[in-house]
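Heads up: the structure comes next, in structure tokens.
Because only heavy atoms are used, hydrogens play no part in the values below, and waters and symmetry mates are left out as well, while side chains stay in. Along the sequence shown, residues carry numbers from 1. Since we're looking at a predicted model, the values are computed, not measured.
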Amino acid sequence: MATAMDWLPWSLLLFSLMCETSAFYVPGVAPINFHQNDPVEIKAVKLTSSRTQLPYEYYSLPFCQPSKITYKAENLGEVLRGDRIVNTPFQVLMNSEKKCEVLCSQSNKPVTLTVEQSRLVAERITEDYYVHLIADNLPVATRLELYSNRDSDDKKKEKDVQFEHGYRLGFTDVNKIYLHNHLSFILYYHREDMEEDQEHTYRVVRFEVIPQSIRLEDLKADEKSSCTLPEGTNSSPQEIDPTKENQLYFTYSVHWEESDIKWASRWDTYLTMSDVQIHWFSIINSVVVVFFLSGILSMIIIRTLRKDIANYNKEDDISSAGWHLRVSAVTLGVVPARAASIFNNQPHSGPSLQEDTMEESGWKLVHGDVFRPPQYPMILSSLLGSGIQLFCMILIVIFVAMLGMLSPSSRGALMTTACFLFMFMGVFGGFSAGRLYRTLKGHRWKKGAFCTATLYPGVVFGICFVLNCFIWGKHSSGAVPFPTMVALLCMWFGISLPLVYLGYYFGFRKQPYDNPVRTNQIPRQIPEQRWYMNRFVGILMAGILPFGAMFIELFFIFSAIWENQFYYLFGFLFLVFIILVVSCSQISIVMVYFQLCAEDYRWWWRNFLVSGGSAFYVLVYAIFYFVNKLDIVEFIPSLLYFGYTALMVLSFWLLTGTIGFYAAYMFVRKIYAAVKID
């Protein structure tokens, strides 16, 4: 078993890789060079809200539309995320200023929102919806300037600049609803170095927006679609009354600024929105604590096992030792009580070596039952096969993303890669499930292969389909379209199912795992167990250490999923994943050792359940996050949150349970191979 020192060089290597990740960037798309006055297309992605968790298309609201609406062809990940990228009527030219331009103005007439449209816009504003636009594949961001020194003089105040994704659709004030109808675009460009005879080229490196609400009376528009903004703060915001029709202008302005940021580093603004120092401190703290505890557990278990194995192997020499004692006693004319009791197998007043050993640990007593096949071996092997599938998929995705090959500029690439990898990893899941099923004396390999290919994916598909029906009812873009659902089913039954059958066939034909001891025909009676050997108590104890290794990272992942934040700290995530594997393995070994010492040989299912104990803490944390971090009050958003959380907890339980099971299985085979069994 590895100690903390064994993992130290690997952790240092991963730490160096982690530090290099920010500099090593493989972009998802090639850079686009613009010349002076070249059009820079502004596209809309979707509307999102952390309160409802229901994304909507941009034109689900009465925004100004171009003459022809064109939707971008999305990949699988974009469709599952609810992205519906579409063109907009904003006219932006490279390095060309626009002071104020009116959208969808016909003969200098304002836009009239009907009562139904006004009610819909007002509802979206009260639900805190954000609008997401992109320019040259860069998402728009709103600058937030926070002052760190509030009590000091104005000259000493330090600005802490942060960015939030998208811009707010509007705001409420004293029970009145206001719409952001004017957008001030601020685009930053980087001038590329060219030769003297060539024309300068520009690359977009940042896209900001300042949303404003300006009422109709304060905007002066002419027949050329130009407008004049009010000076200073004398203007009033544009109110939206949901009980009547509303008239307003949709306007925008464009401002360009030169930047020293190079194209390869343009995503740094979006990826450094959270406090990195807190993240560094938390990760390093988790690394130190987990490796320290793992080292202590390793030393304790190794020393105890060495003592157990040495004592057990001495038992075979007790009879011969007793014979020599008897011979010596006869020669001297004295038969000591200890020697006589050993030779004649009679009780004596002093404790024997064998009794001391059996009282200390009794895992050798169950050697004839420890490899007895459990109940429902097909279901167990199927779940473990799905766990292997998940493990391979997550390991490859995190490693590839850590190298920068799944950059956020490639929208949906992470989810698309995860879906396809899970399908193709079916061959490894099937192989491991088939071999384990044969080891557990299973015979119906075809049924076992079908169970492996359909049990976990079927549960995931069923939950997602039910949730998708509710999303359909809300007309949200987050609903998976029917053709995409059919495509996913075709991938499942056309790719994953055959690969699982292929792997299962070869795994079932391969030699089963070699167990070092034979199984008795009659099961041994299990003594009454102590309260702390209860299954639920084991789950609580075994889940603390793995959860402690990852709960800080879990906060950032939840923020990325439920609060529309970017997550790109895959170097940290890969290190946390390695720590999670180590801690799950060692906790699982400790738990199965205690169980066998209590002479309870039914460890197969129990170890699988207990090793996934950290999933219970993930569920508790998800409930805590829902209550304290999110402002969700409606039924369908709550249903979506807990539905997707249930899938996350189930997947995490399969992952950690599989890691712990195989670690415990190797440990049990190892210790029983090290003792002499008659």
Side-chain angles (χ1 to χ4, degrees), residues 28 73-83 378-401 403 405-406 410-438 442 444-468 478-510 577 644 647-648 650-655 657-659:
E74 289 111 356
N75 56 38
L76 178 62
E78 288 175 324
V79 173
L80 296 178
R81 280 161 40 100
D83 294 354
M378 183 183 296
I379 297 178
L380 178 63
S381 60
S382 299
L383 292 175
L384 290 168
S386 297
I388 292 292
Q389 241 179 304
L390 277 172
F391 176 81
C392 296
M393 180 266 288
I394 293 173
L395 180 64
I396 296 174
V397 166
I398 296 177
F399 183 76
V400 171
L403 299 180
M405 297 180 185
L406 296 176
S410 300
R411 278 180 174 73
L414 186 70
M415 193 171 293
T416 304
T417 305
C419 289
F420 277 95
L421 270 177
F422 184 78
M423 301 292 176
F424 288 107
M425 292 301 106
V427 65
F428 298 104
F431 180 85
S432 59
R435 190 177 184 190
L436 181 64
Y437 183 58
R438 186 177 181 184
R444 298 176 294 176
W445 73 270
K446 293 180 181 179
K447 187 176 179 180
F450 182 79
C451 185
T452 304
T454 57
L455 184 58
Y456 169 70
V459 172
V460 173
F461 183 82
I463 295 177
C464 289
F465 181 78
V466 172
L467 296 178
N468 204 52
V480 179
F482 185 74
T484 305
M485 195 170 293
V486 173
L488 287 172
L489 284 173
C490 292
M491 290 171 59
W492 180 12
F493 290 102
I495 299 176
S496 180
L497 186 69
L499 288 177
V500 170
Y501 263 90
L502 181 66
Y504 209 98
Y505 173 75
F506 284 104
F508 193 77
R509 289 190 59 186
K510 190 174 177 62
F577 183 73
Y644 290 128
L647 290 180
M648 292 172 57
L650 173 64
S651 303
F652 192 73
W653 168 64
L654 279 181
L655 175 68
T658 302
I659 294 170

Donor-acceptor contact present, side-chain [X] to main-chain [Y], <3.5 Å:
X    : Y    : result
R438 : K510 : yes
Q389 : F422 : yes
S651 : M648 : no
Y437 : G448 : no

Of [options], which is the lone residue that meets side chain to side chain contact (heavy atoms under 4.5 Å, CB included) with [X]?
X    : options                : answer
L654 : L383, I388, L384, I659 : L383
L76  : V480, L488, T417       : L488
L421 : V400, L395, T416, I396 : I396

Separation of [Y] [atom2] from [X] [atom1] (nearest 0.5 Å):
X    : Y    : atom1 : atom2 : answer
L80  : N468 : CG    : CG    : 9.5 Å
R435 : R509 : CZ    : CZ    : 14.0 Å
L497 : W492 : CG    : CH2   : 8.5 Å
L390 : L655 : CG    : CG    : 6.5 Å
R81  : M415 : CZ    : CE    : 7.0 Å
C490 : M485 : SG    : CE    : 12.5 Å

Determine whether [X] and [Y] make a side-chain contact, defined as any pair of heavy atoms from C-beta on separated by less than 4.5 Å.
X    : Y    : result
S496 : L499 : no
F450 : Y501 : yes
L650 : Y456 : yes

Looking only at non-hydrogen atoms, find the nearest pair between [X] and [Y] and report the distance.
X    : Y    : result
A418 : M393 : O-CG, 3.5 Å
G429 : S432 : O-OG, 3.0 Å
T658 : G387 : OG1-CA, 3.2 Å

- Parallel, tilted or perpendicular: which describes the rings of Y504 and W445, with under 30° parallel and over 60° perpendicular?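 Parallel.
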- Item | Identified side chain to side chain donor-acceptor pair (under 3.5 Å) counterpart of T452 within the set S381, S386, S382 |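 In the set S381, S386, S382, the residue that makes a side chain to side chain donor-acceptor pair (under 3.5 Å) with T452 is S382.
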- Message: Are more than 12 heavy atoms, taken from residues, nucleotides or ligands other than F420, located less than 6.0 Å from that residue's CZ atom?
- Response: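 Atom CZ in F420 is not crowded, with 12 or fewer foreign heavy atoms closer than 6.0 Å.
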- Centroid-to-centroid, F391 to F577, below 6.0 Å?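 They qualify: ring centres under 6.0 Å apart.
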- Worked verdict on V500 versus V427 for side chain to side chain contact (heavy atoms under 4.5 Å, CB included): CA-CA 5 Å; V500 170; V427 65; over 6 Å; no
